[in-house]
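Below is one structure, written out as structure tokens, with a few remarks after it.
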There are 2 protein chains.
Amino acid sequence: MDSSVLVSCFVILNLFLMTIPASGGKSRHFRWEVEYMHWSPDGLEGVVMGINGQFPGPTIRALAGDTIHVELTNKLPTEGVVIHWHGIRQIGTPWADGTASISQCAINPGEKFAYRFKVDKAGTYFYHGHYGMQRSAGLYGSLIVDVREGDKEPFEYDDEFNILLSDWWHKGSHEQEVDLSSNPFRWIGEPQTLLINGRGQYNCSLAGQLSHSPTSQCKLRGDEQYAPRLLHVQPRKTYRLRIASSTALASLNLAIGNHKMMVVEADGNYVHPFAVDNIDVYSGESYSVLFTTDQDPSNNYWISVSVRGREPKTPQGLTILNYRPTSASKLPISPPPAAPAWNDFKYSVTLSKQLFALKGTPKPPARLDRRILLLNTQNFIDGYTKWAINNVSLVLPATPYLGSIRYGLTNAFDQKSPPDDFGREYDIVKPAGNQNSSYGNGVYTLRFNTTVDVILQNANALKANVSEIHPWHLHGHDFWVLGYGEGKFTDKDEERFNLENPPLKNTAVIFPYGWTALRFVADNPGVWAFHCHIEPHLHMGMGVIFAEGVRRINKIPDEALGCGLTGKVLMKKNGGI
Amino acid sequence: MDSSVLVSCFVILNLFLMTIPASGGKSRHFRWEVEYMHWSPDGLEGVVMGINGQFPGPTIRALAGDTIHVELTNKLPTEGVVIHWHGIRQIGTPWADGTASISQCAINPGEKFAYRFKVDKAGTYFYHGHYGMQRSAGLYGSLIVDVREGDKEPFEYDDEFNILLSDWWHKGSHEQEVDLSSNPFRWIGEPQTLLINGRGQYNCSLAGQLSHSPTSQCKLRGDEQYAPRLLHVQPRKTYRLRIASSTALASLNLAIGNHKMMVVEADGNYVHPFAVDNIDVYSGESYSVLFTTDQDPSNNYWISVSVRGREPKTPQGLTILNYRPTSASKLPISPPPAAPAWNDFKYSVTLSKQLFALKGTPKPPARLDRRILLLNTQNFIDGYTKWAINNVSLVLPATPYLGSIRYGLTNAFDQKSPPDDFGREYDIVKPAGNQNSSYGNGVYTLRFNTTVDVILQNANALKANVSEIHPWHLHGHDFWVLGYGEGKFTDKDEERFNLENPPLKNTAVIFPYGWTALRFVADNPGVWAFHCHIEPHLHMGMGVIFAEGVRRINKIPDEALGCGLTGKVLMKKNGGI
């Protein structure tokens, strides 16, 4: 057949696919172009990775049951790109998960990729780059899914706001990558600025007048790229505040001055409502809180985010809750809410333990089929500083797993699975005696439809008396958080698992020197990353790969396969045009 | 067939191909890894694109008739990469020319590509990145081809040195790309430092003590990455100095204090020897000069490079000619040679016009088959500042031309050819009345084995009274430089063409408001870029594409085709694994 005819066929086929109506729900189409652009997220100009000229990228809003169709064009000069739809399980569309080297080939410059997936569950989500450190470069945005038409949320509110949190460095993400891959190792340090909806202030503070810091009061017209987006409210109403964190590093604590918050949703799942003064939000997490505008309406109030878990060198991120008709330019009368001490981990643990599933949420299976213990350690490999899981530091292969596993390309990655356990004699409270580790890209193959427990075990890092927070995010699934514990996990700890009403989440932290127990059912055919959501940590190897039911996947679109060995095999078999 | 068997077959086939002996000459194998690394090319640390941990990349040295085999692995986190072998005509291997979007698909991160090509002609060459602005990022190195065993150069010398020139910015190449693609336009400015073999000095000068500038004398131990590599010579000997320029922007003038130079080679072709005090070297050019160490051996002498053609804001690049046994640390007694005034274009034209082919060099065909006049203008497109050729600003397609033309994929690029001429009423000395231009990626299809004249016509840029130097480089060919002229080219100028002994080159400049006439025979099946070798200018669209004899190419390796439409068609035809 003439090759131009083939191309035409291909184009027609594509058009056909694009118009298949989504079963139930609407089909929502977006055309996005990813490119670098000058931007001043915090008043200092740098370069961000934007979408359609916007930073953060456009907010997607849909109803549960809708099909999202994003035709993404890569307008970067030399870099590939992908977008991960964080929290969306990609049931039936594992190739649309947007993870380079895992679910698809990176989209080459000048090329397009059609992300087409169903948002089956209402909730607060976001999307972000998942290639190199492109999330750090600013490639992220919000994805909000409302309940189906006619359905109701299990709580009431008058209106809502959406807040996407991130952190920002003045050093570019490419240079950060080089730093992290260097020997001697160079840590990227703490972010210069915390951003709320992509906006923060570096050389001034919104609360300069009120604080004891030497930082001067910001003088803003309001149209600057780094001017805060204020939240305008009416008195005596109830608002839903959606919060998601796309930070590269920072664990954050969010507070609204003088206002209590009622937590009602976490990671796209309803939780048993509970009241808090402030809430910890780890990278990869999302929450909805309700608050009532029951304070003196002649004042305005701070909304603040502060660094938790690492000695904070980054000023609070701020915006203002403006009680209409009070002038938005009237500053709150008190300084911004003080966050709990950065190293008050007990506070954080207590908060995390308050999270229970709303009644009616599916319960975990009572019995597990397999338990995987994952020890988190910081290691040296050939002098390079890395993170390792059960002594393996993840280096992603050139051929995405989804294609190589589906088509049995056994030389695409280590065929030996990484271990399900670590030596139980490992002393988690001390720097390891043997700090050497090795690179790997083996896969945990999960039997389809089995119940898997993952015990994440934290440990001491390379330096004595250092153990950090790591928020672990699972793709393709929600998991039940069965429990948190201090020290080394033992079989006896299982007895204390909450099997009654554990919260369903897609991201859960391990606290310093502690463990966290998760359970999920391997019922979603695909290959799924499970990793620390701190981007530099993932870049340093802190993740594992789960594969389940891959043989059940019928046809992976060629567009996801055109690189590495899958690309070669597909082309070779054909023996030339 | 089982796909794992297929992969095995593929691997075996590859091994087989790799061991085919090159007809005549040796096969020289190299394994290269491209990666970013911290480096201090001029004393200020930045990030460079290095090869095997080196900057500049390793020097390749071979004999004419050898086959070079470079297995290149891309170790960049998210960027594709290619390497162009500048000056090598790639006869029979057009897919190895290393031009992304033209001769091959960029090599994806984690993947390899085998460059295998014959160096058929002795000479001074270099190699460099040819994707985005990766040459500006530091991806370059030397490629020296000696005469075949038993053959002799047409000149004699005792020993030789090799100098690769470049320019260096403190702003990273990614940010430069964003600047150049911005509206309003941001020019990248002049380089901070000139580099000789990847080494320059930013905050100090080797000649600080001798100069009137406020720059302090460098205090160097000699092992710094930015310490100059000195040229150690014996008195009363003749040396060959090989010079190549990989600058992103700067036109340079090179001089050796107190020493005359005899020019003997240009762009890998012998020229009729002529003596100079200093020599202009444009980006993309290479020269060999001979010099004799006939000066006072108790002194050392400067080797200097200075900016020409643009108001110089960059200090001279320096190193030292050290007469052994005089101490290398003894500074020359006089200041470095002063270069001709930056805007003394007459001087440059005179130098260029002194270049004649050595007797015995093939002469151009006396008659041409086609004349293509290319007007060089600076334009606006939708408010963006671009360069255009005959009103078309080149934007490279996602699918490399070589594959799409060979396989007739007519929707891969504009099927309409760009014009062979511009309106003869165009006033080249004034800013254009209509400054609007358009993007395009059409191709000049040259009938195989025909003789083509290209007249490069310079003009005024957007600003009044500005016309810049542009060194144009042709891939896949040498061309004869038939003449240079001032003002607008007219048919009468043809009468003055030098058809007797015009120099063969692969790069030739157009001077401000002038024209340059080139002739070549379209006898090398392939798709060849012809472009301004100033990297930001190419990035702004200053190039055209020639295609010739593409149907004669039998089999393009799949590895060069796995992206864009060629990748899709190759995979589709197969209908899945």
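Heavy atoms only: backbone and side chains are in, while hydrogens, waters and symmetry mates are out. If you're wondering where the values come from, they're calculated on a predicted model, not measured in any experiment. In what follows, every chain begins at residue 1, and chains take the letters A, B, ... in the order their sequences are listed.
Between chain B and the residues A/Q134, A/E111, A/H38, the largest count of heavy-atom pairs under 4.5 Å involves A/H38. Note on B/A106, B/P109, B/C105: by heavy-atom pairs under 4.5 Å with chain A, the leading option is B/P109. For the options B/G132, B/G564, B/G172, heavy-atom pairs under 4.5 Å to chain A are most numerous at B/G564.
At a 4.5 Å heavy-atom cutoff, the contact between B/S182 and chain A is made by side-chain atoms alone. For A/D179, the parts lying near chain B are the backbone and the side chain together; criterion is any non-hydrogen pair under 4.5 Å. For B/V178, the parts lying under 4.5 angstrom from a heavy atom of chain A are both the backbone and the side chain. Contacts between B/H174 and chain A at a heavy-atom distance below 4.5 Å involve the side chain alone, from C-beta outward.
In terms of heavy atoms, B/M571 sits closest to A/G567 at SD-CA, 4.3 Å. Heavy-atom minimum distance, A/N108 versus B/C563: ND2-CB, 3.9 Å.
When the side-chain contact (heavy atoms from CB on, under 4.5 Å) test is applied to B/A547, the partners found at least two apart in sequence or on another chain are B/I405, B/V443, B/V527, B/V550. Applying the side chain to side chain donor-acceptor pair (under 3.5 Å) criterion to B/S103, with sequence neighbours excluded, gives B/T99.
The side-chain heavy atoms of B/E559 and A/K568, taken from C-beta on, include a pair separated by under 4.5 Å. In this structure the side chain of B/L570 never reaches within 4.5 angstrom of the side chain of A/L570, judged on heavy atoms.
Salt-bridge annotation for A/R186 and B/E45: present, with a side-chain N of the basic residue lying under 4.0 Å from a carboxylate O of the acidic one.
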